[in-house]
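Notes for the one structure printed next.
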Amino acid sequence: MMEFKDLDPILHSQLRLAVMSLLISVKEAEFTFIKEKTNSTAGNLSVQINKLKEAGYIEVIKQFKDNYPQTTCKITQTGIRAFEEYVKNLQSYLGVSKKS
Amino acid sequence: MQNEQEFSKEEGFAIIQSMINKVRNRYSEDGHLYLLWGWVVLACSVAQFILMHYFHYSRGYMVWWACWLAFIYQTVYFYKVRGRKSVRTYTDEIIKYVWIVFLINIILGGIVLGIKMGETQHNFINVFYLISYAVPIFLCGIIIRFRPLIIGGICCWLLSVMSLFISEEYQVLMISAAMIFAWIIPGYLLKKRFKKSTE
């Protein structure tokens, strides 16, 4: 019998999952880029990015470029492993629901 | 995009897929540097040919010093424009190293040929450059899946073989032809594709 694991609550949220899916495909991305691609508000995105950072899934680099603050996000090894695990669990759920 | 709202497993997959596609379908290469180097090297090679062939000026190779101006422009461009890019993909990273390897190879190759062969290096330097040009152009074409660059790379290899059968004086025109096929034409096509993707 197939054993189901609970989906990671950090990743099982629309915006956080979208951010992680973006960051898994690139080396690094600026806050403005993530905001544009996820169609989110700056406030909400900022809160969710902090949650991902606290979980150790992403690295947030804050710096100044041409006198403007710039926030860059990068996925960590822990984040990659968590994302892969999440996708694997999703697949196992969907695989069973398709069979039944 | 909502956050804590409940969503199904299927929707989870749809989010992942749509985000990955948003990055994958992005064209970050605007062809600007291909056009810069294409036109600079084309102008230098044609100028060298005219100076040596029509004016019998033995130091026609001096025109290549103009490349330093292009190099300075490129450095400023990288710092000012490319530094402002809001996302860096793994493709950008691989392409960066392809060009770094190319640069090291042509500088070291030029020095080694100069030391080992002295004056006779002029017989081989253009062939060596043509073979070297093919590598980054062909690889970039494969990496960004852009056929004109792949064809441009193959043209460089063909021109390198052709230049073995022509006199040294005319070999420099093979460099001009390489610039047209491998830098300028793909450069304009990249520019067109980039413009279309940002519309």
Side-chain angles (χ1 to χ4, degrees), chain A residues 4 7-41 43-49 51-52 61 63 65-66 68 70-75 83-84 86-87 89-98, chain B residues 1-30 73-101 139-140 143-145 194-199:
Chain A
F4 287 117
L7 289 172
D8 182 344
I10 299 283
L11 292 182
H12 199 63
S13 122
Q14 283 195 353
L15 186 51
R16 288 196 293 268
L17 181 60
V19 171
M20 289 293 281
S21 308
L22 266 187
L23 293 178
I24 197 104
S25 340
V26 299
K27 191 167 185 280
E28 57 186 35
E30 263 182 46
F31 183 85
T32 47
F33 178 84
I34 303 171
K35 183 174 157 278
E36 182 203 319
K37 297 292 172 195
T38 55
N39 269 331
S40 55
T41 62
N44 192 11
L45 181 61
S46 185
V47 171
Q48 303 317 321
I49 279 180
K51 283 189 184 172
L52 289 169
I61 306 143
Q63 57 191 4
K65 197 147 206 177
D66 297 334
Y68 286 99
Q70 187 189 48
T71 305
T72 309
C73 302
K74 207 173 173 178
I75 198 161
F83 185 80
E84 284 172 349
Y86 179 84
V87 172
N89 289 339
L90 264 190
Q91 278 171 334
S92 63
Y93 274 110
L94 291 176
V96 166
S97 66
K98 270 181 189 169
Chain B
M1 187 170 278
Q2 294 294 310
N3 180 40
E4 303 295 348
Q5 189 190 324
E6 267 299 302
F7 64 101
S8 69
K9 317 284 187 289
E10 284 85 356
E11 281 170 324
F13 259 122
I15 291 172
I16 295 170
Q17 203 173 20
S18 91
M19 287 298 131
I20 290 174
N21 281 340
K22 277 186 183 176
V23 183
R24 202 178 58 186
N25 297 332
R26 226 179 135 264
Y27 298 120
S28 60
E29 182 53 69
D30 60 4
Y73 172 84
Q74 179 178 336
T75 311
V76 174
Y77 176 80
F78 264 118
Y79 183 74
K80 289 274 178 194
V81 181
R82 298 267 166 123
R84 270 194 236 129
K85 274 174 84 172
S86 58
V87 63
R88 273 173 65 201
T89 63
Y90 289 107
T91 305
D92 296 334
E93 199 69 1
I94 295 167
I95 287 176
K96 182 178 92 183
Y97 283 105
V98 166
W99 286 105
I100 289 174
V101 168
L139 286 178
C140 287
I143 295 166
I144 63 171
R145 287 187 230 120
F194 182 77
K195 261 190 177 171
K196 216 173 161 187
S197 76
T198 51
E199 272 168 11

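From a predicted model like this one, the values you see are computed outputs, not experimental measurements. Order of the sequence lines fixes the chain letters, A, B, ..., with proteins taken first and strands second; residue numbering starts at 1 for each chain.
Both the backbone and the side chain of A:V87 come within less than 4.5 Å of a heavy atom of chain B. Neither the backbone nor the side chain of A:F31 comes within contact range of chain B; no heavy atom of the residue lies under 4.5 Å from a heavy atom of that chain.
The minimum heavy-atom distance between B:F13 and A:Q91, with the atom names listed, is CZ-CG, 3.5 Å. Contact detail for A:S21 and B:M19: the closest heavy-atom pair is CB-CB, 3.5 Å. Of all the heavy atoms in A:I24 and B:Y90, the pair that sits closest is O-CE1, 4.1 Å. Between A:F33 and B:V87, the closest heavy-atom pair is CE1-CG1, 3.6 Å. Contact record, B:I20 with A:S25: CG1-OG, 3.6 Å, taken as the closest heavy-atom pair.
With sequence neighbours excluded, the residues satisfying ring pair (Phe, Tyr, Trp, His ring centres under 6.0 Å) with B:Y73 are B:H32. For the side-chain hydrogen bond (donor to acceptor under 3.5 Å, both in side chains) test, no residue two or more places apart in sequence or in another chain qualifies with A:E36.
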Would B:I15 and A:Q14 satisfy side-chain contact (heavy atoms from CB on, under 4.5 Å), going step by step from the backbone distance to the final call?
CA-CA 7 Å; B:I15 291 172; A:Q14 283 195 353; 3.8 Å; yes
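Heavy-atom contacts from other residues, nucleotides or ligands closer than 6.0 Å to NZ of B:K96 number more than 12. Shown here is B:E93, whose CD atom has more than 12 heavy atoms of other residues, nucleotides or ligands within 6.0 Å.
Taking A:V19, A:L22, A:T32 one by one and counting their heavy-atom pairs under 4.5 Å with chain B, the maximum is reached by A:L22.
Here A:K35 contributes atom NZ and B:S86 contributes atom OG; the two are 12.0 Å apart, rounded to the nearest 0.5 Å.
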